[in-house]
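Reading through the structure tokens given below for one structure.
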Amino acid sequence: MRRAQSRTPLFKVPLLLWLTLGGGTLPAADARAQDIAIADVSYPGLPKRAASADGFVPTGWVLEAQASGDLNQDGMDDLALVIRQKSPANVIPNSEGLGEDPFDTNPRILAVAFREKSGTDYALQLEDHALIPRRTNPVAEDPFDKDDGIAIRRGSMQVRLRWFLSAGGWETFTAAYTFRHRHGRFELIGYDRDELHRGSGATKAVSINYLTGKVKVTTGNIQDDATKVRQKNLPRRRDLLIGDIGNGLQFDPDR
């Protein structure tokens with residue numbers, strides 16, 4: 001079985017740095033640094049074919065979420081899967097610091113499998129380790145919600161992520177990625193990001209249609225109903241594939 005190393009190296013992240021970068025004020029009792037060591041993980045190669053969603057789940061991993069729908073326009077429902085490791089070694093005690101305790105850093109795999117013409121099996125088409133990022137910050141909520149984090153709608157796959165800090169940061173946002181299977185690959189056709197600054201109340205919504213090249217930016221504030229809308233065209237650029245996105249919380253559409 002093929003095994004690929006995680007992009008997340010062994011490192012130590014000072015909790016105090018996380019909490020102060022967002023501009024929040026720390027209580028004096030919590031103004032101390034704590035190091036959390038997060039070890040490497042190895043990603044197993046998923047089976048190339050299986051009769052069901054469960055058949056793609058390696059030993060030591062679980063099927064966390066799934067969606068079904070026709071992604072390759074052949075009239076048969078395909079599968080979009082989120083598979084998560086369940087290793088006690090990746091659940092880290094955090095009794096001395098803020099945030100989740102114990103802190104679950106188990107990684108996820110995003111996978112897509114197409115129903116084969118025989119109707120008896122599914123064939124693996126995509127295996128991505130980066131878009132749904134591994135957790136590294138115990139005061140950040142889990143970016144993936146198994147109830148609404150993945151969907152197949154109108155022939156496209158959507159992955160939704162969120163960012164929210166329980167301490168030390170003002171910004172919160174959701175980011176939704178829409179992919180369509182075109183030319184034998186998964187291309188980004190839509191990106192939507194909704195931001196809120198909890199200190200000032202400022203809001204910003206960015207909606208990008210990569211098929212038309214149109215960008216809509218809406219800004220406002222939760223204290224009133226007034227908004228400003230700005231529209232522009234994307235500069236000419238190559239198609240973005242799912243592997244080009246990387247960490248879905250860090251994607252910058254202007255780069």
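Judged by distance alone, the side chain of Asn94 and the main-chain N or O of Glu100 form a donor-acceptor pair under 3.5 Å. Listed for the Arg134 side chain is a donor-acceptor partner under 3.5 Å among the backbone atoms of Thr105. A donor-acceptor pair under 3.5 Å is absent between the side-chain atoms of Thr219 and the main chain of Lys204, judged by distance alone. A distance-only check finds no donor-acceptor pair linking the side chain of Glu116 to the backbone of Thr120 [under 3.5 Å]. Between the Asn221 side chain and the Ser200 main chain, a donor and an acceptor come within less than 3.5 Å of each other. Between the Asp128 side chain and the Leu110 main chain, no donor and acceptor come within less than 3.5 Å of each other.
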Stepwise side chain to side chain contact (heavy atoms under 4.5 Å, CB included) test for Arg185 and Asp239: CA-CA 11 Å; Arg185 57 193 190 174; Asp239 295 332; 3.1 Å; yes
Derivation and outcome, side chain to side chain contact (heavy atoms under 4.5 Å, CB included), residues Asn233 and Lys214: CA-CA 5 Å; Asn233 295 322; Lys214 301 296 183 181; 2.9 Å; yes
Verdict with supporting geometry, Leu211 and Arg180, side chain to side chain contact (heavy atoms under 4.5 Å, CB included): CA-CA 10 Å; Leu211 295 177; Arg180 184 170 294 171; 3.8 Å; yes
Salt bridge (Lys or Arg N to Asp or Glu O under 4.0 Å) evaluation trace for Arg84 with Asp104: CA-CA 11 Å; Arg84 192 173 193 191; Asp104 191 346; 3.7 Å; yes
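Relative orientation of the Phe251 and Tyr191 rings is perpendicular, given thresholds of 30° and 60° on the angle between their planes. Between His197 and Trp170, the two ring planes are parallel [angle under 30°; tilted spans 30° to 60°].
For Asp70 and Arg154, the salt-bridge test fails: no basic side-chain N is under 4.0 Å from an acidic carboxylate O. Ionic pairing of Glu187 and Arg182 is present here: one or more N-O contacts between side-chain nitrogen and carboxylate oxygen are shorter than 4.0 angstrom. Under 4.0 Å is where a charged nitrogen must lie from a carboxylate oxygen, and between Arg162 and Asp142 no such pair does. Using a 4.0 Å cut-off between charged nitrogen and carboxylate oxygen, Arg198 and Glu171 do not count as a salt-bridge pair.
Two residues are said to be in side-chain contact when any heavy atoms from C-beta on lie closer than 4.5 Å; Asp54 and Leu63 meet this criterion. Val229 places none of its side-chain heavy atoms less than 4.5 Å from the side chain of Val217. Counting heavy atoms from C-beta outward, Leu46 and Ile83 have side chains that approach closer than 4.5 Å. The shortest distance between side-chain heavy atoms of Lys228 and Thr218 does not fall below 4.5 Å. Inter-residue side-chain proximity for Phe173 and Asp194 is flagged as unmet; no heavy-atom pair is nearer than 4.5 Å.
Residues Ala167 and Leu98 come closest through the heavy atom pair CB-CD1, 4.1 Å. When all heavy atoms are compared, the tightest approach of Lys146 to Ala65 is O-CB, 3.7 Å. What you find for Trp61 and Pro107 is that their closest heavy atoms are CZ3-O, 3.7 Å. Nearest heavy atoms, Arg135 versus Pro143: CG-CD, 3.9 Å. Here the closest heavy-atom approach between residue Arg115 and residue Ala51 is recorded as NH1-O, 4.3 Å. The two residues Leu71 and Ser156 come nearest to each other via the heavy atoms CD2-C, 3.7 Å.
Side chains of Lys86 and Asn106: a donor-acceptor N/O pair is absent below 3.5 angstrom, by distance only.
Residue Val139 is not grouped with residue Phe164 when hydrophobic side chains (ILVMFWY) are merged at heavy-atom distances under 4.5 angstrom, including chains of intermediate members. Val112 and Leu241 fall into different hydrophobic clusters, where Ile, Leu, Val, Met, Phe, Trp and Tyr side chains are chained together by heavy-atom contacts under 4.5 Å. When hydrophobic clusters are built by joining Ile, Leu, Val, Met, Phe, Trp and Tyr residues whose side-chain heavy atoms come closer than 4.5 Å, directly or via intermediates, Phe179 is grouped together with Leu249. In terms of hydrophobic clustering, with Ile, Leu, Val, Met, Phe, Trp and Tyr side chains grouped at heavy-atom distances under 4.5 Å, Tyr43 and Leu124 are assigned to a common cluster. Note: the hydrophobic cluster containing Val206 also contains Leu234 (ILVMFWY, side chain heavy atoms under 4.5 Å, direct or indirect links).
Here the straight-line distance linking atom CG of Leu79 with atom CG of Leu126 works out to 12.5 Å at 0.5 Å rounding. With values rounded to the nearest 0.5 angstrom, Lys48 atom NZ is found 10.0 Å from Gln125 atom CD. In this structure, the separation between CD1 on Ile150 and CD1 on Ile132 is 6.0 Å, given to the nearest 0.5 Å. Here the OG1-CD1 distance, from Thr136 to Ile38, works out to 5.5 Å after rounding to the nearest 0.5 Å. Separation of atoms CZ (Phe114) and CG (Asp78) is listed at 5.5 Å; rounding is to 0.5 Å. We find the CG-CG distance between Leu161 and Leu131 to be 6.0 Å, quoted to the nearest 0.5 Å.
When each of Ile245, Leu240, Asp192, Ile189 is tested with Tyr177 by the rule side-chain contact (heavy atoms from CB on, under 4.5 Å), just one qualifies, namely Ile245. Of the candidates Gln66, Glu127, Arg108, Leu81 forms a side-chain contact (heavy atoms from CB on, under 4.5 Å) with just one, namely Gln66.
Annotation: ring-ring contact (aromatic ring centres under 6.0 Å, His included) contacts of Tyr210 (sequence neighbours excluded): none.
In this structure, Asp225 places its CG atom where only 12 or fewer heavy-atom neighbours from other residues, nucleotides or ligands lie under 6.0 Å away.
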